[in-house]
Each structure stands twice: as C-alpha cells, then as structure tokens.
There are 2 protein chains.
Amino acid sequence: MNEEQLSYDVYDDRCPTRDVLARLADKWALLVLGRLEREPLRFNHLKREIGGITQKVLTQTLRRLERDGFVSREVYATVPVTVEYSLTPLGKTLTKTVTILARWVEDNMDSILQAQTNFDNGCRTVMPG
Amino acid sequence: MNEEQLSYDVYDDRCPTRDVLARLADKWALLVLGRLEREPLRFNHLKREIGGITQKVLTQTLRRLERDGFVSREVYATVPVTVEYSLTPLGKTLTKTVTILARWVEDNMDSILQAQTNFDNGCRTVMPG
DNA sequence: CGGCATCCCGAGGGATACTG
DNA sequence: CAGTATCCCTCGGGATGCCG
C-alpha cells in the first residue's frame, strides 16, 4: 500500500496532479522556472528578463510556484527591501524538463513555421514527395 | 547567416517561439500529446481517455497541434466517418519531453502536497531541521 | 462518428494607482 | 524595491443544438 501502484493519474480530472499540471502548463510559469534555473534573481530583475510579463502576473506566478514548493522566496532587510527568488531542490529536478521544452521550441521553430504555412494553405494531408 | 546564432528566444515576447510555447504550455495540449505517444487514436476515443475535456476544447486543441505540425489527422471514408489522430515525426520528438513532465508531476505529487500544506499554514520560510 | 455554430459566464490578466 | 488593491475587459471554455 505504501507503494504507488494505483497512485496518481493526470488523465483523471479528479486527480490532484491535474491541478499541478495546469499550473505548470502555463507560459509564464515555464519561463520563470527556466530563468531561475541559471541563478537566483530579484523580483524586478526577473520581470525585466521575461519579456511582456506584468508585475501582477509575475507575483501570481511566483506565489503559485512557491506554494507548490518549486520556488523559494528570501527576503533581505536592506534599505529598500530586497527579495530574492530561487529554485528549491524539488524545483531544480523539475526545470531539467522545463528548459528542455523551451529549448525544443527554439530548436524546431523552423519546422513549425513550415508546418503552419502548409496548414494555412489548406494542405492538411500528407505532402506529395 | 544560415546558422542560428542570434536566432529564436522564448524570453523575447515578440519572438514567434513565444506563441508556440504558449500553445504547448496548455493543460489539454500536453495531455493530448502524451496520450497520442502510445498509439494513434480516434476522436471520441481520445475524448474518453482525457478526463474532463469537452468536444469543443478537444477539437480546438487538435487543430492547433495539427497546425503546428505535431499531430496528423487521417480521415477514413467508412460508413460513419472515422478520423484518426497520430503524432507526426516532429511531434514524436516533442512528446519525449511532454510525457516526462506529466510523469514528473505524478512522481512528485507527495512532495508537492507537503509543500502546499506548509505554505497554507503560513510556514513560508525554510523548515526547521 | 466527428465535428461546427451559438450562447454565455467566470476567471485570467492588463492598466493604473497606492504603500511599507 | 517589491509588492497590494481595483477596475475592467477579453476570451477560454462549458453547455447545448444541429449536420454530413
């Protein structure tokens, strides 16, 4: 019983893993995790590095990631307060996968653009030789 | 110039890779891709296997995945028409990563639940010993 | 069976203003 | 600097009905 045989299943919509997957399957969450893999960063630094993210969304994203135990929030009582975000050990094991996904998209973008063009031209069946 | 040096960057919000990442960073898209890795499936079969997905959303998701060149749609002119979805070669290279993410969540769910409990109890700093 | 069309609602997220 | 608090509005996605 201690072993996980009939344990978690993301394909079951009542499984709690579904919620976690939904939070990870988020553009902003993936970008934040990917960026934190390299090094811990302060709030505004993180905001500047992630093009197009707003302050509100970054805060929300960081809170969720913190709640799930992927990100750690460290407050330093400097003159203007400094807050540094970093990956937890759990979060580090996760980012291996996350960054791979982002890299994959970048590496295969040309193929994707080609596919989009074909699709948009009505060529939805297999190309001729 | 033909080489990709200053090529694509998902952290640039004007980069086309950002849109693709956003479509992949989607709960339903990940589940569909993950399920298709095992075998090609018909529409309603796919719908039954993915708990909680509606017909509309599944259709949308499949169209996007098809447009980006990850999924192939095959129509068979049987009596009630049969439509089979499968991964393209490009899609197959992608799912390696996708399924890892789903598996990761399932494997680490216990740690995540623990982290959530700590967070919700106001214990947002490092645990003692 | 495998969709498309329509209506509709609630959450997500942008913009803006304010605070410790 | 690192947020919180509102307003507001889009749009994702559920429900339902119809079609080839």
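Quick note on labels: first sequence line is chain A, next is B, and so on, each numbered from 1.
Contact check, A:Thr54 against C:dG14: a side-chain N or O comes under 4.0 Å of OP1 or OP2. Look at A:Arg73 and you won't find any side-chain N or O under 4.0 angstrom from OP1 or OP2 of D:dA2.
Every pair passing side chain to side chain donor-acceptor pair (under 3.5 Å) that includes a residue from residues 17-28 of chain A is listed here, sequence neighbours excluded: A:Arg23-A:Asp68.
For B:Leu58 and C:dG2, the CG to C1' distance is 10 Å, given to the nearest whole Å. At whole-Å resolution of the value, NZ in B:Lys27 and P in C:dA11 are 14 Å apart.
Side-chain contact between B:Val81 and B:Tyr76 is absent, with no heavy-atom pair separated by less than 4.5 Å. With contacts defined as side-chain heavy-atom distances shorter than 4.5 Å, the pair B:Phe43/B:Leu58 qualifies.
For B:Glu84, there are no side-chain hydrogen bond (donor to acceptor under 3.5 Å, both in side chains) partners two or more places apart in sequence or in a different chain. The side-chain hydrogen bond (donor to acceptor under 3.5 Å, both in side chains) check on A:Arg67 picks up B:Asp120, with sequence neighbours excluded.
As judged by a 4.0 angstrom heavy-atom cut-off over every strand, A:Tyr85 is placed among residues touching the sugar-phosphate backbone only.
For an aromatic pair to be called close, the ring centres must be under 6.0 Å apart, and A:Tyr8 with B:Trp104 fails this.
For A:Val83, taking side-chain heavy atoms from C-beta onward, the closest of the listed nucleotides C:dG14, D:dA2, C:dC1 is D:dA2.
Between the two ends of the helix from C:dC1-D:dG20 to C:dG20-D:dC1, each summarised by a five-pair axis, the helix axis turns through 60° (rounded to 10 degrees).
Residue A:Leu31 holds its CG atom at 5.0 Å from OH of B:Tyr11, rounded to the nearest 0.5 Å.
Nearest approach of A:Val10 to B:Glu106, heavy atoms of both residues: N-OE2, 2.9 Å. Considering every non-hydrogen atom in both B:Val105 and B:Ile112, the closest pair reads O-CD1, 4.5 Å. The shortest non-hydrogen separation linking A:Arg73 to A:Val75 is NH1-CG2, 3.6 Å.
If you find the closest nucleotide of DNA chain C to A:Trp28 and to A:Pro80, the one lying nearer the 5' end belongs to A:Trp28.
The stretch residues 33-53 of chain A touches DNA chain D through A:Arg42, A:Phe43, A:Asn44, each having a heavy atom within less than 4.0 Å of the strand.
A continuous path of hydrophobic side-chain contacts links B:Leu46 to B:Val83 [ILVMFWY only; heavy atoms under 4.5 Å].
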Give every pair of a protein N or O atom and an N or O atom of nucleotides 4-12 of chain D that lie under 3.5 Å apart, one pair per line with the distance.
from  : atom 1 : to      : atom 2 : distance (Å)
D:dT4 : O4     : A:Gln55 : OE1    : 3.0

